[in-house]
Amino acid sequence: MSEGRADTPRGPIARAADAIRAGDLVVYPTETVYGLGADALDPEAITRVFDAKGRNRSEPISLAVPTPETALSYVSVSERERAFMAEFLPGPVTVVMAKRAVVPDALTAGEDRVGIRVPDHDLAHALLDAVEPITATSANVSGRPSVTDPDSLDSEIRAAAAEVLDGGETGGTGSTVVDVERGEIHRDGPLVADIEAWLQAHP
């Protein structure tokens, strides 16, 4: 930073990235719904996500990265999975794959697989360019509707978040969750018909 600019206000992306590095939570938009982000490699930060959502610790949380290539640092990828990611990511799809040791069990509820999300949204991408990986879970209290407008955030989530990135109204439907290697769709969402067709065409 040049001399005389030490007091320049930091932008929302920089503040959000700083908050995540400090172990805090942020709310960020995606092309589907608003997400609750924290350092996905920090068990204490992950615990704060579970606490803010009132989420059962037995329910895994996915992680978000800026590009499919970045995901290779956190998961082991087969050729079929690599081809699928090239076709559908970035996009409203979460791909469940074998996690590497760097991914804490706190994120995956002790499972050996983790969901990978590459959001197709400018603000989410800017945040992930600044800090990654971050948690990819909807920014709502468990059991309540997902949020497509920051004005509709649950009071508990707003109180827990150090920063809210306002991207206006989002798409409104949670991502499709797919385990490509096992050929299983865990949750229907956007592009599900295309995903089913791809799985059948690439056995």
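Given the structure is predicted, the values throughout are model-derived calculations rather than measurements.
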query: If you group Ile, Leu, Val, Met, Phe, Trp and Tyr by side-chain heavy-atom gaps below 4.5 Å, do L128 and L72 land in one group?
result: no
message: Which heavy atom of R158 sits nearest to which heavy atom of P150, and what is that distance?
response: NH2-O, 2.5 Å
field: Approximate separation, where rounding is to 0.5 Å, of S138 OG and R144 CZ
entry: 12.0 Å
query: Would I61 and R55 satisfy side chain to side chain contact (heavy atoms under 4.5 Å, CB included), going step by step from the backbone distance to the final call?
result: CA-CA 10 Å; I61 288 177; R55 185 182 178 98; 3.6 Å; yes
- prompt: Which heavy atom in A124 sits nearest to a heavy atom in P119, and how many Å separate them?
  reply: CB-CB, 3.8 Å
query: Do other residues, nucleotides or ligands put more than 12 heavy atoms under 6.0 Å from the CD atom of E59?
result: yes
- prompt: Can you tell me how far the CD1 atom of I157 sits from the OG atom of S152, to the nearest 0.5 Å?
  reply: 13.0 Å
field: Working for side chain to side chain contact (heavy atoms under 4.5 Å, CB included), residues E81 and E181
entry: CA-CA 7 Å; E81 290 166 333; E181 203 61 18; 3.5 Å; yes
message: Would you compute the distance between atom NZ of K99 and atom CD1 of I116 and round it to the nearest 0.5 angstrom?
response: 11.5 Å
query: Do V147 and L25 share a hydrophobic cluster (ILVMFWY, side-chain heavy atoms under 4.5 Å, transitive)?
result: yes
task: Can you establish whether the number of heavy atoms outside D122 located under 6.0 Å from its atom CG is more than 12?
output: no
message: side-chain hydrogen bond (donor to acceptor under 3.5 Å, both in side chains) for T32 and S175? Distances and angles first, verdict last.
response: CA-CA 6 Å; T32 56; S175 64; 5.6 Å; no
field: Hydrophobic cluster membership, V141 vs F50, 4.5 Å side-chain cutoff
entry: yes
task: Step by step, work out the side-chain hydrogen bond (donor to acceptor under 3.5 Å, both in side chains) result for R57 and T47.
output: CA-CA 9 Å; R57 298 296 197 280; T47 294; 5.0 Å; no
query: Of the non-hydrogen atoms in G23 and R48, which two are nearest, and what is the gap between them?
result: O-NH1, 2.8 Å
message: Does this structure show an ion pair linking R21 with D42, if we count only N-O contacts that are shorter than 4.0 Å?
response: no
field: Between CZ on residue F88 and OG1 on residue T176, distance to nearest 0.5 Å
entry: 9.5 Å
task: Quick one: pull up CG in L89 and CG in D120 and give me the separation to the nearest 0.5 Å.
output: 9.5 Å
task: Check the hydrophobic clustering (I, L, V, M, F, W, Y; side-chain heavy atoms under 4.5 Å; chains of links allowed) and say if V95 and V65 are grouped together.
output: yes
message: Between L36 and V164, is there shared hydrophobic-cluster membership here, with clusters defined by ILVMFWY side-chain heavy atoms closer than 4.5 Å?
response: yes
message: Go through it in stages, so that I can follow the logic: the residues are V114 and V75, the test is side chain to side chain contact (heavy atoms under 4.5 Å, CB included), and I'd like the CA-CA distance, side-chain angles, deciding distance and then a yes or no.
response: CA-CA 8 Å; V114 65; V75 289; 3.4 Å; yes
message: So, taking the atom named OG1 in T135 and the one named CD1 in I20, what distance separates them when rounded to the nearest 0.5 Å?
response: 7.5 Å
field: Criterion side chain to side chain contact (heavy atoms under 4.5 Å, CB included) on L123 and Y28, from CA distance to verdict
entry: CA-CA 7 Å; L123 277 180; Y28 65 97; over 6 Å; no
